[in-house]
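Worksheet for the structure shown next.
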Amino acid sequence: DTEVTQTPKHLVMGMTNKKSLKCEQHMGHRAMYWYKQKAKKPPELMFVYSYEKLSINESVPSRFSPECPNSSLLNLHLHALQPEDSALYLCASSQEQGNTIYFGEGSWLTVV
Amino acid sequence: AQSVTQLGSHVSVSEGALVLLRCNYSSSVPPYLFWYVQYPNQGLQLLLKYTTGATLVKGINGFEAEFKKSETSFHLTKPSAHMSDAAEYFCAVSDLEESGNTPLVFGKGTRLSVIA
């Protein structure tokens, strides 16, 4: 079972809103990831958590704030986003950082 | 640093024809190689992977890929295309020996169209 669950599937938010994307996995994986994907492009890595600690931050603007409350959950807090932040946000996990990565179905974000 | 090149942003085949999607990589150390598929409006699904051992790797949905070190290639094939294979395919490389590296480096993707 390689299931990574993301909620919500679709989110529309204004530029002054605060919202969060949520991700959950129950595979016992200790590494979790956030990727951003624009249309017709490959996913771009945003953040990596390993054993609940931030391992990689790919110079993402501070209006994106990740949080890893426990080994099964990963959140992405959104605040003061811009229309160009509209994209598919993919959560993923792997047994350890560097192992095979499994992706969720993604959350479609539209910033208006 | 690793990189991945996928030749052809769009490949079109007839139903029942051979599917060949090309992927070349560069890596300073033995790589781990992956193919992911993305159906419209969905996330990425792992098709197959090469880590060590047998260089011909079989994946889901009848796909397979062969790791050729001398050619630095990891091309994806399927003997007979099905309409349901229409999707975006991403080749990716991971360098597990260098900690802190970006976990996966993706190619730009190849969109596969299947014509009835």
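Chain identifiers are assigned alphabetically (A, B, ...) following the order of the sequence lines, protein sequences preceding nucleic acid strands; residue numbering begins at 1 within each chain.
- Residues B:Phe34 and A:Ile101 form no side-chain contact, since every pair of their non-hydrogen atoms from C-beta on lies 4.5 Å or further apart.
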Run the numbers on A:Tyr102 and B:Leu44 for side-chain contact (heavy atoms from CB on, under 4.5 Å), then give the verdict.
-> CA-CA 8 Å; A:Tyr102 298 93; B:Leu44 275 70; over 6 Å; no
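- The CZ atom of A:Phe103 sits 9.5 Å away from the CG atom of B:Leu46 when rounded to the nearest 0.5 Å.
- When all heavy atoms of A:Pro42 and B:Phe90 are compared, the closest pair comes out as CA-CE2, 3.4 Å.
- Going from atom NZ of A:Lys9 over to atom CD of B:Gln42 covers 9.5 Å, rounded to the nearest 0.5 Å.
- Note on A:Leu11 and A:Met15: same hydrophobic cluster, where clusters join Ile, Leu, Val, Met, Phe, Trp and Tyr whose side-chain heavy atoms are under 4.5 Å apart, directly or indirectly.
- Neither the backbone nor the side chain of A:Gln6 has a heavy atom closer than 4.5 Å to any heavy atom of chain B.
- Per-residue heavy-atom pair counts under 4.5 Å with chain B were compared for A:Glu105, A:Glu44, A:Lys41, and the maximum is reached by A:Glu105.
- Counted within 6.0 Å of CD on A:Gln95, heavy atoms from surrounding residues, nucleotides or ligands total 12 or fewer; the atom is thus considered open.
- Counting all heavy atoms, side chain and backbone alike, B:Gly43 lies closest to A:Leu90 at CA-CD2, 3.8 Å.
- Within 6.0 Å of NZ in A:Lys38 there are more than 12 heavy atoms belonging to other residues, nucleotides or ligands.
- Contact tally against chain A (heavy-atom pairs below 4.5 Å) for B:Arg111, B:Glu88, B:Gln38: the top residue is B:Gln38.
- Taking OG1 of A:Thr100 as the start and OH of B:Tyr36 as the end, the distance is 6.5 Å to the nearest 0.5 Å.
- At a threshold of 4.5 Å between side-chain heavy atoms, the hydrophobic network of Ile, Leu, Val, Met, Phe, Trp and Tyr places B:Leu56 and B:Leu48 in two separate groups.
- With contacts defined as side-chain heavy-atom distances shorter than 4.5 Å, the pair A:Tyr33/B:Leu104 does not qualify.
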